[in-house]
Novice: 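Below you'll find the structure I mean.
In what follows, every chain begins at residue 1, and chains take the letters A, B, ... in the order their sequences are listed.
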Number of protein chains: 2
Amino acid sequence: MSQTPIWKTIALALTADIAEGRFATGDRLPTEAQLAATHGVNRHTVRRALAELARQRLVHPRRGAGVFVSAAATDYPIGKRVRYHQNISASGKIPGKQVLSLITRAADKTEAEALALAPGDPVHVYDGLSLADGQPIAVFQSVFPAARLPDLPEALAQNGSVTRALRHCGVADYTRISTRLTARAAEAIQARHLHLIEGAPVLHSVGINADPQGHPVEYGKTVFAGERVTLTLDDDHG
Amino acid sequence: MSQTPIWKTIALALTADIAEGRFATGDRLPTEAQLAATHGVNRHTVRRALAELARQRLVHPRRGAGVFVSAAATDYPIGKRVRYHQNISASGKIPGKQVLSLITRAADKTEAEALALAPGDPVHVYDGLSLADGQPIAVFQSVFPAARLPDLPEALAQNGSVTRALRHCGVADYTRISTRLTARAAEAIQARHLHLIEGAPVLHSVGINADPQGHPVEYGKTVFAGERVTLTLDDDHG
DNA sequence: CGCTATGATTTGTCTAGTTGTATAGTAGTT
DNA sequence: AACTACTATACAACTAGACAAATCATAGCG
């Protein structure tokens, strides 16, 4: 996987530390042992990185004293860190949706528990794709209790918006009562939908939305393309 | 007519060894050379078997050190508002932190902005490892304003707990004012710390904590092992 | 105050061992 | 001829531990 040796990575990180002012000219760097600990490598690997910086005259080691910054780096490779990011609020309201499928079937055990139903009760299942600027951002699956929302499929088919479809079915407002997040590797089908390669990191989100009375109205799973999405949580309500 | 390849046989034997406890979690397997000798095959054949186990996340090799048995995948719920320790112990796991390094240096531009400081102002930087039942579940870096919290390093070195160290320095309480989450592939150094193979999915979290007056006291980055952690958000507002 | 002795810390060097990767080759099968 | 499974060899990258050499802080002593 990593064709670049670790010591080069460390050397670059240290160069960046100097270039961005975290260590100024004349400062002493952490000891080799400390650097080894923070980077989780052997001391010799750190030494190799420091040797590279010394070769570039960025630092000068003094036996018994430490390694000192001799000059500020003026020119260092910045890498391709800048990426296309899409900021999305945690509520999951994203412009641009594409309906993949919309069916009604029996609820499995997990879905029934999440929606406070009995296993086998009918549910609407809405599979879709979230887009931004034409790029796929997430695949999602929303599960709704069919008994409570018989007319939902038609409403959803019309505009795709969950919020508006729910309002049309008598749920004026809803709030998220639980969210669980984790990072996973993209499965084949997810990768296809999100234009990723299989195994690319994706952000899994599982949540339940309920009406103001506390009755669950949606059980949703969303898989975000990790490379294109940053989830921002707003912790207002101080 | 195609017999099962030798490497599959070896992989199965090793899997059984691990499953039946002949090699415990964290143990180092015999070296590739030793395994090759005992099985009477070439080293590359053993490597192929080990590669299969690594793909299944049963083991994680460390160049120069050996091949180690990975931790069994378990999910650890972590709350957004609730403190780390409380949460882990609530799930029946014994929490722990390991200090990787604790230094004071100048703030770079990003850190300065996050903490409402000027670039170059001194900051304490706390690199560490979060553990649950001895297994690493996250690497983190916390940045604190040094001018405001001069005695923090000693307090942190004593017990490792950020909450207690901050309280000791006069910050009785703090709340999270912003969080950003995304999924990434583990970089080499992160993978080593978290006992993962490079490229495994990890959950990046960047957040700022502030005291009740709204002054930032911590700028923290955390990288969770996606396979071992589920972040649970409590969206109750009261 | 000034000096030295001492011990802890830190970089420099050495040896040995382990995994990662690249190249080339052989035997058997299709 | 091409492919698969495995062998053989060599080197690169990293770990591990030990010890030497230089530095620094400090305590003790004149």
Novice: Using a heavy-atom cut-off of under 4.0 Å over every strand shown, decide if Arg62(B) touches base, sugar-phosphate, or nothing.
Specialist: sugar-phosphate

Novice: For Phe68(B) and for Asn42(B), locate the closest nucleotide of DNA chain D by heavy-atom distance; then report the residue assigned to the nucleotide nearer the 5' terminus.
Specialist: Asn42(B)

Novice: Ile6(B) CD1 to dG28(C) P: how many Å, rounded?
Specialist: 13 Å

Novice: Mind calculating the distance between CZ (Arg43(B)) and P (dA22(C)) to the nearest angstrom?
Specialist: 13 Å

Novice: Take atom CD1 of Ile189(B) and atom P of dC14(D), then tell me their distance rounded to the nearest Å.
Specialist: 10 Å

Novice: Return the minimal non-hydrogen interatomic distance between Thr31(B) and Arg28(B), and the atom names on each side.
Specialist: CG2-NH2, 3.5 Å

Novice: May I have the distance from Gln34(A) (atom CD) to dT9(C) (atom P), rounded to whole angstrom?
Specialist: 12 Å

Novice: What's the closest nucleotide to the side chain of Ala65(A) if the choices are dT23(D), dT7(D), dT19(C)?
Specialist: dT23(D)

Novice: Could you tell me the separation between the NZ atom of Lys8(B) and the P atom of dT4(D), rounded to a whole number of Å?
Specialist: 13 Å

Novice: Does Leu50(A) reach a base, just sugar-phosphate, or nothing at all? Heavy atoms under 4.0 Å.
Specialist: nothing

Novice: Measure from NE2 on His39(A) to C1' on dT15(D) and round the result to the nearest Å.
Specialist: 17 Å

Novice: Of Thr45(B) and Arg192(B), whose nearest nucleotide on DNA chain D comes first from the 5' end?
Specialist: Thr45(B)

Novice: Within the 3.5 Å criterion, strictly below it, is a donor on Ser70(B) or His60(B) matched to an acceptor on the partner's side chain?
Specialist: yes

Novice: From CZ of Arg47(B) over to P of dT7(D), roughly how many Å is that when rounded to an integer?
Specialist: 14 Å

Novice: Round to a whole Å and report the spacing from CD of Glu32(B) to P of dA13(D).
Specialist: 17 Å

Novice: Of all heavy-atom pairs between Ser130(B) and Lys97(B), which one has the smallest distance, and what is that distance?
Specialist: OG-CE, 4.2 Å

Novice: Using 4.0 Å as the upper bound for N to carboxylate O, is an ion pair formed by Lys8(A) and Glu52(A)?
Specialist: no

Novice: Out of dT10(C), dA21(D), dT15(D), which has the shortest distance to the side chain of Arg28(A)?
Specialist: dT10(C)

Novice: What's the closest nucleotide to the Trp7(A) side chain, out of dC14(D), dA18(D), dT7(D)?
Specialist: dC14(D)

Novice: Do we see a donor-acceptor contact under 3.5 Å between the side chains of Glu218(B) and Ser142(B)?
Specialist: yes

Novice: Between dT19(C), dC14(D), dT11(C), spot the one nearest the side chain of Arg63(A), thanks.
Specialist: dT11(C)

Novice: Of the options dC24(D), dA22(C), dC14(C), whose atoms approach the side-chain atoms of His44(B) most closely?
Specialist: dA22(C)

